[in-house]
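Here is the structure we will look at, set down as structure tokens.
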Amino acid sequence: MEEIVNKQELEKKLSLGPEVKVLSYHPKGLIALEKPINVLSHPNMSMDKWRSLLKASYDAKRRCFYNLEGEDVYEKVYLIHRLDSGTSGVILVCTDRQIHEQAIKAFEKGRVKKVYNAIVKGKPKSIPPVWVDRLNKSNSGNQVRVGRHGGQSIAKTRHYCIQGDCNRAGLSLMKLAPETGRTHQLRYQCATRGFPILGDEAYGDFKLNKYFHKFVKFRRMFLHSHSIEISIVCGQERIELDIESPMPECFVDILKPDKNIQKMVKNLPTSNEDVIRLQRQRVMR
């Protein structure tokens, strides 16, 4: 097991994608990166290398980056989990195969604590404290969608409304702590309950997104991987990492009192009840 000596050495040996940063690392090879929006967790095709977490080829079966660009780089880097391209924040990789295997097991067994920040439309209720759904996943072209019909995968998320109606514009700041890791889990669960994540172009309130794009000039999905806490045993050693990525400035900015935002949202023709009905019609197909 090759040990990392310092952050400078690590950054030289990782071929990081655009604006990807090292947040923290364990000397044995467990690494926390900060992923910006519009960066892929891994390339789906060779042409995707330029906008992926690492500038490298990717083996989907082994969840492994290889052929990293540059000199004196790692031979292989293993991806532990994924984030949607529109989601920013903490994502984990490692340079050791055994650590990778143990970390994957920890994720699969729900032993990893994850927290996301989300800005949603409406004011979520605290009851029930855990959302539970059975989801299925379908592929259409290059798009992945989830829904409930025939769903076999259980999705659980503990949720907290940190601040409701933050700027008197019908937006709320939520903390989402998924206990499972299903595809689009948080996005779907928020949307189907009538609290779509702002900027979500697959499950969101499209009219609200359009207004924000036009008048507020923020073009992103407001979902951020805020923190991850992981502890695994590899051989005779316990390897731990507890890391946070601060909530992006644009989250803070959009939650500030703003008369233009308040006026814009009040002029939207749909009520929250309408949104709930429309969201359920669309995402539960």
Side-chain angles (χ1 to χ4, degrees), residues 35 41-42 60-63 78-92 100-122 124-140 142-162 172 174-197 200-205 221-233 241-242 275-285:
K35 187 187 85 65
S41 294
H42 61 76
K61 185 176 181 180
R62 294 179 173 83
R63 303 187 190 184
Y78 298 89
L79 181 65
I80 296 174
H81 65 117
R82 293 178 291 181
L83 296 176
D84 294 335
S85 64
T87 304
S88 57
V90 185
I91 187 169
L92 300 181
H100 182 246
E101 291 174 356
Q102 294 304 315
I104 292 292
K105 289 179 182 178
F107 268 87
E108 290 176 346
K109 293 181 179 180
R111 299 200 306 263
V112 180
K113 295 181 181 179
K114 300 167 287 181
V115 174
Y116 289 75
N117 298 130
I119 295 178
V120 303
K121 181 180 181 181
K125 298 178 181 178
S126 59
I127 299 175
V130 179
W131 293 334
V132 181
D133 295 288
R134 286 186 174 272
L135 306 182
N136 70 334
K137 183 172 72 170
S138 62
N139 292 276
S140 178
N142 293 324
Q143 293 187 334
V144 177
R145 294 296 297 271
V146 298
R148 278 182 177 164
H149 290 324
Q152 298 299 316
S153 299
I154 296 177
K156 295 183 179 181
T157 301
R158 190 168 295 276
H159 60 94
Y160 311 85
C161 184
I162 299 174
S172 296
M174 294 192 72
K175 180 169 76 171
L176 303 172
E179 298 178 1
T180 55
R182 309 304 179 193
T183 300
H184 294 181
Q185 173 176 323
L186 302 181
R187 299 164 63 182
Y188 175 87
Q189 289 188 307
C190 285
T192 194
R193 287 164 175 82
F195 309 111
I197 295 174
D200 187 344
E201 295 183 354
Y203 307 92
D205 182 333
M221 180 169 64
F222 283 79
L223 181 63
H224 180 72
S225 173
H226 173 62
S227 66
I228 292 180
E229 182 179 345
I230 184 171
S231 177
I232 59 175
V233 176
L241 206 60
D242 185 358
V275 170
I276 292 176
R277 177 177 55 80
L278 293 172
Q279 292 296 122
R280 285 179 175 168
Q281 287 177 355
R282 182 154 42 91
V283 302
M284 292 180 65
R285 292 194 187 105

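Screening residues 175-187 for salt bridge (Lys or Arg N to Asp or Glu O under 4.0 Å), with sequence neighbours left out, gives D84-R187, R158-E179, R187-D200.
With contacts defined as side-chain heavy-atom distances shorter than 4.5 Å, the pair I154/V132 qualifies. Between H100 and I80, the closest side-chain pair of non-hydrogen atoms falls below 4.5 Å. Considering only heavy atoms from C-beta on, V90 stays 4.5 Å or farther from Y116 through its side chain. Residues M174 and P124 meet the side-chain proximity criterion, which asks for heavy atoms closer than 4.5 Å. Residues S153 and N136 are not in side-chain contact: their nearest non-hydrogen atoms beyond the backbone lie 4.5 Å or more apart. When side chains are defined from C-beta on, D133 does not count as touching K156, because their heavy atoms never get closer than 4.5 Å. For the pair V233/Q102, no side-chain contact is recorded, criterion being any heavy-atom separation below 4.5 Å from C-beta on. In this structure the side chain of F222 never reaches within 4.5 angstrom of the side chain of N117, judged on heavy atoms.
Remark: H226 pairs with no residue by the ring-ring contact (aromatic ring centres under 6.0 Å, His included) rule, at least two apart or across chains. In terms of the ring-ring contact (aromatic ring centres under 6.0 Å, His included) criterion, residue partners of F107 (sequence neighbours excluded) are, by chain and number, H81. For S85, the side chain to side chain donor-acceptor pair (under 3.5 Å) test picks out no residue, with sequence neighbours left out. Considering only residues two or more places apart in sequence or on other chains, H224 meets the ring-ring contact (aromatic ring centres under 6.0 Å, His included) condition with none of them. Listed by chain and residue number, nothing satisfies the salt bridge (charged side-chain N to carboxylate O under 4.0 Å, His left out) test with R82 (two or more places apart in sequence, or in another chain).
Classification of the W131-H159 ring pair by plane angle, with boundaries at 30° and 60°, yields parallel.
Here the straight-line distance linking atom OG1 of T87 with atom CD1 of I197 works out to 7.5 Å at 0.5 Å rounding.
At least one donor-acceptor pair under 3.5 Å links the side chain of Y203 to the backbone N or O of V146. In terms of modelled atom types and a separation under 3.5 Å, the side chain of E229 and the main chain of K114 share no donor-acceptor contact.
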